[in-house]
There are 2 protein chains.
Amino acid sequence: MKKVTIADVAQHAGVSKSTVSQYLNQRYDYMGEQTKARIEETINVLGYRPNILARSLKQKSTTTIGVIVANILHVFSTQVIRAIEDVCNEKDFHVIICNADNQPEKEKKYIEMLRAKQVDGIIAFPTGGNIALYQDLVRENYPIVFIDRLIEGIETNTVLLDNEKAAFIAVETLVKNGYSKIALLSPPFEHAITPRMERLNGYKNALQEYQIPLNEEYIVSGKTSEMQSLIGKLIYLKDPPKAILATNDHVLMELLTYVKKNQIRIPEEIGVIGIDEVSFADIYSPSLTTIAQPSFEMGAKAANLLFERIQKKEIINQAKIYRFEPKLIVRESC
Amino acid sequence: MKKVTIADVAQHAGVSKSTVSQYLNQRYDYMGEQTKARIEETINVLGYRPNILARSLKQKSTTTIGVIVANILHVFSTQVIRAIEDVCNEKDFHVIICNADNQPEKEKKYIEMLRAKQVDGIIAFPTGGNIALYQDLVRENYPIVFIDRLIEGIETNTVLLDNEKAAFIAVETLVKNGYSKIALLSPPFEHAITPRMERLNGYKNALQEYQIPLNEEYIVSGKTSEMQSLIGKLIYLKDPPKAILATNDHVLMELLTYVKKNQIRIPEEIGVIGIDEVSFADIYSPSLTTIAQPSFEMGAKAANLLFERIQKKEIINQAKIYRFEPKLIVRESC
DNA sequence: CTGAAAGCGCTTACAG
DNA sequence: CTGAAAGCGCTTACAG
C-alpha cells in the first residue's frame, strides 16, 4: 500500500497541491465551498494523512520536546514527566523521554540526538557533567529549562524545590515534637548535587536556629550499598540520635529496611521524618511524616516556561530560578 | 546564528553536497584521504550538525517509536518504559511517550499523531476501545505490538503476563499455608480488561483444583472509591474469609489502608497475598508475599518484537502471544 | 574518486 | 479564489 501524498489528493480532487495545503492548514479565507467539499471528500476516500515530517522540515518546528531525566524509575521523575506530558498534550506537542542515568556521556549523546531530531526544546534534570554543552545551548538561545538541579554559571530557567526550607521544616518539626538529637541521612555529597547540598544546609541552619549544637557524627551519607552499615554505626553511637531525617525516598527505604531488620520501634525508639513523599506513607505503621515536593506543579511549570521560550523567539535572557514550597504532611512517625 | 547545512559544509570544503553526505554516512569506500580530512575539519569549524528530519523524510525512517501507556504513574508502566528505552537506546532509537489514561479517544488521537509524525512503530497498552483503528494498522502491516492486554480479533504480537497462572499460584500458596476461605479483591470487571478477567479465572481454577467450593461473596470488585466499604462488607460477612488475594497493586493498597484503619493483624487475622510487586513489600510489617510480573523482560521483549517487525519489511503476519511467567516472592503475610 | 540532478512531502510567497 | 515554482536539508542512483 503506497503512501498517499498531498499530490495524490490534489490530482484526484482536480486542484493544485497549494490548495490542498491551504485546506489542511484551515486557511479557508478565499476557498470556494465546492473546492473545500471536494478536497475533504478526496481526503477521506484516499485515506490521506499528512506527513508531519515534511511540514516540520519546512516550518522548522517539530512540535516535539525532549525530556532528559536522571531515571524514569524514580517516582519524582514520573510525576514530573506526567505533568509535562499533560501540558504538552494540550498544545498538541509530543515528548521524547531519555534516561541519562546520571551519566554525563549519556546526557551528551541524548542532547545531541534530540537536537539533531530538531526538537523544539529540552527539559532536563542536568547531570552537571556537561557544562560546556549547556553553555553552547544557552549561547545559541536554544530553549532549555532545568529541573531539580542548579548548574552554576548556566543562565537558564530552573525549577526546583526550596530544599533548604524542606530540611529546615523537617528539623523544626522534630524539635517541636521534643527531639534534639537529630541525625541526617543522605545520599553521597561527592558531586555536590543541588538537592543534597541544600538539604544539608537547611538541616544545619535549623539546628542553629534552635540552638542545637551540630554533631558531625549525626551527619551520615553514603551509597546505598553501604547504608545498612552506616545506619548501624549511627544507632550504636555512644550518644545515639533520637530522631533521623532521611533526605530522600531512597535513603528512607534504607532506614526502614534497617529498622525492620533490627526490630526498632518508630517513633518510640527513633523518630523518623523523610523528604519526598512515598506511596506507602499512609499505610505503613506508624504512618510516615514526610515533606513532599509539589512534583506536578513543578513539571507543569517547567513545561510552561519552556513553551514561553519556544513561542517568543526574542532573546529574553532573563533566566530565573523558580523555587517551590515543600509541603509538610504530618503523620505518626515522629 | 544561522543553521549550517550540508550545503555550507560542501561549499567551505570545496566539495559537493553528495560527497559530504557520503562522508556523513560513513561511505568512505572511494573517498580520498584529504577529502575526508577536509570535510571533517570543516564540520568542526562550522559546528555543523545534521538535520535528521531531512534525512528521515528521504529515508522514510525516523528512528523513533511511540509508546502508549495507560498511565505512566503506574510502576509497571514505568518499568516497561524503562526497558523499552534501554533497548531503543542501543539501537539509537528514541521513544515518544503518551498517556492514554484508558480513554479510547485519547488513544486514537495519539495513534494518529504518532503516525503523522512517521514513527517507525508503536508499542501500546491498548484501551480496547479502538478496534477499527487497530485493524487498519494491522491491515496496513504497520509495526505495532500490544502489551498487557489481549485484544480479541487483532492479529498482532502481544506480550503479557500469564495472568491465570499468577492467580493460580497465589491461591495455591494460600492453600498450602492452610487457608481455604480465600477471597479475591479486584478492580472492576466491566470492560473485561484482560488481566482482570484472567486473574479471576486463575482464582476459580485453583479453587476447583483444590476442591474448595466457590463462594460468590468472596469475589469482590469495584472502583477505588468504593473499595473501603466493599472490604468492610467482606470482612463482616457471617463467614468471613481467612485470606485475601489482591489482584493488583492498587487493590492491595486499598486493602492495606483498610487493615491499618481497622487494626487488623496480618497474617494472624487475615492472610494477604498480592499480584504485582510493590516497592514496600520488604519493609512492610509483616513483609508482603507477592507475585511479581517480570516487567523489564516484558518491556524488552515488546521492544525486540517491534524491532523485528520494523527491520524486515516483509509481511510476516505470524502474530503471537508471548506469555511471561509470574514470580512468587514468599514473604510473611500469609 | 566526485559531482549534478532529482526527489522525499510538505509550505509559502507571488502572480494572475 | 487558485496554481506554478521554489525551497526546507538531506540522500541516492547515475554519470563521468
Side-chain angles (χ1 to χ4, degrees), chain A residues 1-40 42-43 46-64 112-113 115-120, chain B residues 1-40 42-43 46-64 92 112-113 115-120 313:
Chain A
M1 179 172 315
K2 245 191 95 259
K3 276 258 165 170
V4 5
T5 74
I6 209 172
D8 301 320
V9 176
Q11 197 193 333
H12 281 256
V15 298
S16 78
K17 290 194 302 172
S18 326
T19 308
V20 178
S21 178
Q22 309 282 25
Y23 172 87
L24 292 173
N25 292 290
Q26 334 234 4
R27 276 196 273 277
Y28 303 135
D29 313 357
Y30 300 106
M31 197 170 299
E33 272 309 318
Q34 345 152 27
T35 319
K36 210 157 108 180
R38 214 164 47 227
I39 294 175
E40 189 174 353
T42 313
I43 286 177
L46 299 184
Y48 168 74
R49 6 178 121 261
N51 179 332
I52 297 213
L53 228 53
R55 171 187 298 173
S56 294
L57 181 58
K58 185 70 186 176
Q59 292 190 157
K60 277 133 179 21
S61 159
T62 50
T63 59
T64 303
E112 284 172 353
M113 279 180 70
R115 295 209 64 194
K117 284 201 173 163
Q118 314 297 115
V119 299
D120 294 343
Chain B
M1 181 174 314
K2 244 189 94 269
K3 276 259 163 167
V4 5
T5 75
I6 210 173
D8 301 321
V9 175
Q11 196 192 337
H12 280 255
V15 297
S16 77
K17 289 196 299 171
S18 326
T19 307
V20 178
S21 178
Q22 309 281 28
Y23 172 87
L24 292 174
N25 293 289
Q26 333 234 5
R27 277 196 272 277
Y28 303 136
D29 313 357
Y30 300 105
M31 196 170 300
E33 272 308 318
Q34 343 152 28
T35 318
K36 209 156 111 181
R38 212 162 49 226
I39 293 175
E40 187 174 354
T42 312
I43 286 177
L46 299 184
Y48 168 75
R49 11 177 119 260
N51 179 334
I52 297 212
L53 228 51
R55 170 187 302 173
S56 296
L57 180 58
K58 185 70 186 174
Q59 294 190 157
K60 277 128 177 24
S61 158
T62 51
T63 59
T64 303
D92 282 340
E112 283 172 353
M113 279 180 69
R115 294 207 64 195
K117 285 202 172 163
Q118 315 296 116
V119 298
D120 295 342
K313 308 280 180 184

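Owing to the predicted nature of the structure, the values given are computational and were not obtained by experimental measurement. The sequence lines fix the lettering, A, B, ..., with proteins before strands; numbering per chain opens at 1.
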Novice: Can you name the side chain to side chain contact (heavy atoms under 4.5 Å, CB included) partners of A:Ala37, sequence neighbours left out?
Specialist: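 Result, side chain to side chain contact (heavy atoms under 4.5 Å, CB included) vs A:Ala37: none returned.
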Novice: So, is A:Thr5 close to the C:dG9 phosphate, meaning a side-chain N or O under 4.0 Å from OP1 or OP2?
Specialist: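 Result: no.
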Novice: Grab the CD1-C1' distance between B:Ile6 and C:dG7 for me, whole Å please.
Specialist: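 Rounding to the nearest Å, CD1 of B:Ile6 and C1' of C:dG7 are 15 Å apart.
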Novice: Between atom CZ in B:Arg55 and atom P in D:dC8, what is the gap in whole Å?
Specialist: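 Distance check: B:Arg55 CZ to D:dC8 P gives 19 Å.
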Novice: Please compare A:Ser16 and B:Val20 by the position of their nearest nucleotide in DNA chain D and report the one closer to 5'.
Specialist: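 The answer here is A:Ser16.
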Novice: Please classify the nucleic acid contact of A:Thr35 as base, sugar-phosphate, or nothing, using heavy-atom distances under 4.0 Å.
Specialist: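 It contacts sugar-phosphate atoms only.
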Novice: Could I get the full list of side chain to side chain contact (heavy atoms under 4.5 Å, CB included) partners for B:Ser18, not counting sequence neighbours?
Specialist: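 Side chain to side chain contact (heavy atoms under 4.5 Å, CB included) list for B:Ser18, sorted by chain: B:Ser16.
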Novice: To the nearest Å, how far apart are A:Arg38 CZ and D:dT2 C1'?
Specialist: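 Value for this atom pair: 11 Å.
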Novice: Starting at CD of B:Gln118 and ending at C1' of C:dC8, how long is that distance when rounded to a whole Å?
Specialist: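 So the CD-C1' distance, B:Gln118 to C:dC8, works out to 11 Å.
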Novice: Taking only N/O atoms, report every protein-nucleotides 12-16 of chain D pair under 3.5 Å with atom names and distance.
Specialist:
residue	atom	partner	partner atom	Å
D:dT12	OP1	B:Gln59	OE1	3.4
D:dT12	OP2	B:Arg27	NH2	2.7
D:dT12	O4	B:Ser18	OG	3.4

Novice: Expressed in angstrom and rounded to an integer, what is the separation of B:Ile39 atom CD1 from C:dC1 atom P?
Specialist: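 Atom-to-atom, B:Ile39 to C:dC1, this comes out as 14 Å.
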Novice: Could you pull out the closest heavy-atom pair between A:Leu24 and A:Ile43, with the gap in Å?
Specialist: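 Nearest pair, atom of A:Leu24 first, then A:Ile43: CD2-CD1, 4.0 Å.
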Novice: Report yes or no: does B:Arg38 contribute a side-chain atom to a donor-acceptor pair with the main-chain N or O of B:Ala13 at less than 3.5 Å?
Specialist: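 Side chain of B:Arg38 to backbone of B:Ala13: a pair is present.
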Novice: Looking at B:Thr63, is its backbone amide N or carbonyl O close enough to the side chain of A:Lys117 to form a donor-acceptor pair, meaning the two atoms are under 3.5 Å apart?
Specialist: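 Checking the backbone N and O of B:Thr63 against the side chain of A:Lys117, a donor-acceptor pair under 3.5 Å is found.
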Novice: If we check side-chain contact (heavy atoms from CB on, under 4.5 Å) with A:Lys17, which of these qualifies: A:Thr5, A:Val9, A:Asp8, A:Ile6?
Specialist: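 Going through A:Thr5, A:Val9, A:Asp8, A:Ile6 one by one, the side-chain contact (heavy atoms from CB on, under 4.5 Å) with A:Lys17 is satisfied by A:Ile6 alone.
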Novice: List the atom pairs, donor and acceptor, that lie under 3.5 Å between side-chain atoms in residues 51-59 of chain A and the rest of the protein, sequence neighbours left out.
Specialist:
residue	atom	partner	partner atom	Å
A:Asn51	OD1	A:Leu53	N	2.8
A:Asn51	OD1	A:Ala54	N	3.3
A:Ser56	OG	A:Ile52	O	2.9
A:Ser56	OG	A:Ser61	O	3.1

Novice: By ring-ring contact (aromatic ring centres under 6.0 Å, His included), which residues pair with A:Tyr48, not counting sequence neighbours?
Specialist: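 ring-ring contact (aromatic ring centres under 6.0 Å, His included) list for A:Tyr48, sorted by chain: empty.
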Novice: Return the value, rounded to whole Å, for the distance between atom OH of B:Tyr23 and atom P of C:dC1.
Specialist: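 After rounding, the gap between these two atoms is 17 Å.
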Novice: Specify the separation, in whole Å, of atom CZ of B:Arg49 and atom C1' of D:dG9.
Specialist: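 Result: 16 Å.
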Novice: Quick one: is D:dC10 close enough that its OP1 or OP2 comes under 4.0 Å of any side-chain N or O from B:Tyr48?
Specialist: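 For B:Tyr48, the contact criterion (side-chain N or O under 4.0 Å from OP1 or OP2 of D:dC10) is met.
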Novice: Could you write out DNA chain C as dot-bracket? Rules: Watson-Crick or G-U wobble, both distances under 3.5 Å, brackets [ ] for crossings, | for pairs with another strand, dot for unpaired.
Specialist: |||.||||||||.|||
Novice: In whole angstrom, what separates B:Leu53's CG from C:dG9's P?
Specialist: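 After rounding, the reported distance stands at 14 Å.
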Novice: Between A:Arg115 and A:Glu112 (salt bridge meaning N to carboxylate O under 4.0 Å), is one present in this structure?
Specialist: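 A salt bridge is absent here (no side-chain N lies under 4.0 Å from a carboxylate O).
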